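Computed from a prediction, not measured in an experiment: that's the story for all the values here. Each chain gets a letter, A, B and so on, in the order its sequence line appears, and its residues count up from 1.
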Number of protein chains: 2
Amino acid sequence: MSQPKLSDVAALAGVSPTTVSRVLNNRGYLSEKTRSNVFEAMKTLGYRPNAIARSLQGRKSQLIGLVFPSVAHPFYGEMAYRLESHLADAGYKTILCNSGDRPEAEQRYLDMLLANQVDGVITGAHSQLVAQFPLMGAPLVTIDRAETGKAPNVRCDNYDGGYRATSLLLERGAKEPVHITSTASEVNLRLRGYRDALAEHGITGRTLELGFDTPHAHKMEMIASYLDQYPTLDAVFASNDIYAAMVLSCAQRLRLEVPTDLQVIGFDGAPYTRAMLPHLATVMQPIDEIAQRAVARLLHAIAGQEDDLDGADVLPVSVYEGSTLRQKQPDRVSLD
Amino acid sequence: MSQPKLSDVAALAGVSPTTVSRVLNNRGYLSEKTRSNVFEAMKTLGYRPNAIARSLQGRKSQLIGLVFPSVAHPFYGEMAYRLESHLADAGYKTILCNSGDRPEAEQRYLDMLLANQVDGVITGAHSQLVAQFPLMGAPLVTIDRAETGKAPNVRCDNYDGGYRATSLLLERGAKEPVHITSTASEVNLRLRGYRDALAEHGITGRTLELGFDTPHAHKMEMIASYLDQYPTLDAVFASNDIYAAMVLSCAQRLRLEVPTDLQVIGFDGAPYTRAMLPHLATVMQPIDEIAQRAVARLLHAIAGQEDDLDGADVLPVSVYEGSTLRQKQPDRVSLD
DNA sequence: TTGAAAGCGCTAACAG
DNA sequence: CTGTTAGCGCTTTCAA
């Protein structure tokens, strides 16, 4: 037989299946002798309990669905890595779903996950998912994006990140910083932070929207022609490190000196991104802390506990200055 | 009841469970009337078939395990994304495992996957897995690394990549190119390509080994001090784009002009890496083709077909020249 | 301390 | 065209 089953072990050990199950789950009273007998039988048969059968009979599959736009993206890749690691530590397995930001795909994945009896779902892509959350049948935790609806959410302090990034640009002498983002909606907290920081200096600001589905090459063109069109722009706050990196490339192409002519700061600060672009200033998300909190809240919900945080859980960001920002201005001594 | 089951649908539709199962699987002859009755009952109950139960009773779980060092790494992230997409298209779900290159972790993940009755495993991390392959119980396809043992492998032409990268550096005037890699083992085909290309020009070459577990900051130091120590080095072939990017940063720090003083070429060319470092020359792996082939071979094996390729499946690389290589030399006209 | 029996939700014979 | 029966591998009452 290919895969030995519990009853095979029982037969070899000369006990009942129930007993084998007991030693497997370390439940109830067993004599030392039976235990070792059973263990030995398991060894010799190379027995491996069938997780599927266990899930079927019990209520929990120990499966968690992860739904992200794409793990190819450095931020989501890092996040997925962290989440999977923490879930594995807690004895959970991770089903990976790349929804590509396509709502139908999200929907299909969600159906699939529920059909597979996942104990919970973590998502960073939630047009669909959040709407269905109340009636979903499995706990959901959302990550990163501002929540819509009432699903538990863990994210970094996007507003503060936007505010601090922009303030930093201004502190270092920027007069006209632009914000580059995918889409400038009203719920975009990074944008709000940017605007508020500018407002304090009486500046209005400008936003370049790249769109979600725009092909990469086109985005490059948009950035380049924008920088070209507004030569007075002297700083960029990009809503993620990819865009920031693209700005760096465009600047090089346009012979703009960074940070002299143009200061640049990004957002995310995933380790591999930092490794590839160590000079890029960025607002660093506490990725691992977010992952840990998300897992903790999900497991909490799975355990049937009330979610006392009721909604969002906002973690602090930190700023990495790199060398795409100008040096700190020495305190000016007023001489007049 | 929370989740309606097949028998609930049967009851509501006034038929037997078998019949419901039949319409679900579209098997056998059904009267149109029963079909629609059953469908309606499913609709009103919001029925969703329990995949776990199906797997238990049937033989296949439609689950595939993906074992990689870390999806946070741009190359593996992209690969995982592609693999998951192709697997989903074929109706398979993906269990994600980040082994971090720790053999015990690989072992634990493998056990977990088999316990979960995965129909197959795809891995890019196979110290352990490959060894056990013959007795594993589920088909395995390995990716990227040179195979050890007899497991089916899909990868790019690492030797050719190394050869062409190095040849290109030489063509563009390099006299002393160094190869930077994690570990310079005998089975390192990129290194072999590098050496052979150099040999044709009568050059010996030099290798800097960074190690697998070395912390990032330390790797940076190693590169910087190496470049410092051998000022005659005029080109770098890095075994991946991260190392190449690190070389770029070090060069900047050391005031080495790229490509004038130092030419650089990397390896991998994942799209997000390309977006972030568009000027970096690199040997591009055909990531999506590799993913497609790997999935095809795995499904083939799952279907019980013989694997006619018996071992490796090597896909061609392409070279992206960026601007970290010197310009092509104009054909010299001999005047003497 | 152990076993027998029932059943998790579904499908696959085998009737009819 | 449809239903009955049995069983996937395991755990869980309930008894002994």
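Atom P of nucleotide D/dG9 and atom CG of B/Leu114 are separated by 16 Å, given to the nearest angstrom. A/Met42 places its CE atom 11 Å from the P atom of D/dC10, with the value rounded to the nearest Å. Between the P atom of D/dC10 and the CZ atom of A/Arg48 lies a distance of 12 Å, rounded to the nearest Å. Going from atom CG of B/Asn26 over to atom P of D/dT2 covers 13 Å, rounded to whole Å. Atom CG of A/Leu6 is separated from atom P of C/dC8 by 19 Å (rounded to the nearest Å). The interatomic distance linking B/Asn50 (CG) with C/dT11 (P) rounds to 9 Å, in whole Å. Atom CD in A/Gln117 sits roughly 8 Å away from atom P in C/dC10 (whole-Å rounding). Going from atom CD of A/Gln62 over to atom P of D/dT11 covers 12 Å, rounded to whole Å.
A donor and an acceptor atom, one from each side chain of B/Thr19 and B/Ser16, are located under 3.5 Å apart.
Between A/Arg27 and the phosphate of D/dT12, there is a side-chain N or O to OP1/OP2 separation shorter than 4.0 Å. For C/dC10, the OP1/OP2 oxygens have a side-chain nitrogen or oxygen of B/Tyr47 closer than 4.0 Å. Checking the phosphate oxygens (OP1, OP2) of C/dT11, a side-chain nitrogen or oxygen of B/Asn25 falls inside 4.0 Å. Remark: B/Ser7 is not in phosphate contact with C/dC10, judged by side-chain N or O atoms under 4.0 Å from OP1 or OP2. For the OP1/OP2 pair of C/dT2 and a distance below 4.0 Å, the side-chain nitrogens and oxygens of A/Arg22 include no atom meeting the criterion. The side chain of A/Ser55 places no N or O atom within less than 4.0 Å of a non-bridging phosphate oxygen (OP1 or OP2) of C/dC8.
Side-chain N or O atoms of A/Thr142 include one that pairs as donor or acceptor with a backbone N or O of A/Pro152 at under 3.5 Å. Under the 3.5 Å distance criterion, the side-chain polar atoms of B/Asp8 are matched with a main-chain donor or acceptor of B/Lys5. Using a distance-only test at 3.5 Å, with no hydrogens or angles considered, no donor-acceptor pair links the side chain of B/Asn116 to the main chain of B/Val118.
Using a 4.0 Å cut-off between a side-chain N of Lys or Arg and a carboxylate O of Asp or Glu, A/Glu78 and A/Arg82 qualify as a salt bridge. Between B/Glu40 and B/Lys43 there is no salt bridge, since none of the side-chain N atoms of the basic residue sits less than 4.0 Å from a carboxylate O of the acidic one.
Scanning residues 13-21 of chain B for heavy-atom distances under 4.0 Å to DNA chain C yields B/Thr18, B/Ser21.
Relative ring orientation between B/His73 and A/Tyr272 is described as perpendicular, the plane-to-plane angle rising above 60° on a 0-90° scale split at 30° and 60°.
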Under 3.5 Å, which N/O atoms of the protein pair with N/O atoms of nucleotides 6-8 of chain D?
| from | atom 1 | to | atom 2 | distance (Å) |
| --- | --- | --- | --- | --- |
| D/dC8 | O2 | B/Gln57 | N | 3.3 |

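Shown here for A/Leu298 and A/Val121, the closest heavy-atom pair between the two residues is CD1-O, 3.8 Å. A/Leu24 and A/Leu6 make their closest contact through CD2-CD1, 4.3 Å (heavy atoms, listed as atom of the first residue, atom of the second, distance). Closest of all the heavy-atom pairs between B/Ile143 and B/Asn153 is N-ND2, 4.0 Å. Considering all non-hydrogen atoms of both residues, B/Ala270 and B/Pro74 come closest at CB-O, 4.0 Å.
With D/dC1, C/dT11, D/dC10 as the choices, the nucleotide that has an atom nearest any side-chain atom of B/Leu24 turns out to be C/dT11. Here the nucleotide nearest the side chain of A/Arg54, chosen from D/dT2, D/dC10, C/dT1, is D/dC10.
Rounded to 10°, the helix from C/dT1-D/dA16 to C/dG16-D/dC1 has 40° between the axis fitted to its first five pairs and the one fitted to its last five.
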Practice problem: Run the numbers on A/Leu66 and A/Val71 for side-chain contact (heavy atoms from CB on, under 4.5 Å), then give the verdict. | Solution: CA-CA 10 Å; A/Leu66 232 55; A/Val71 288; over 6 Å; no
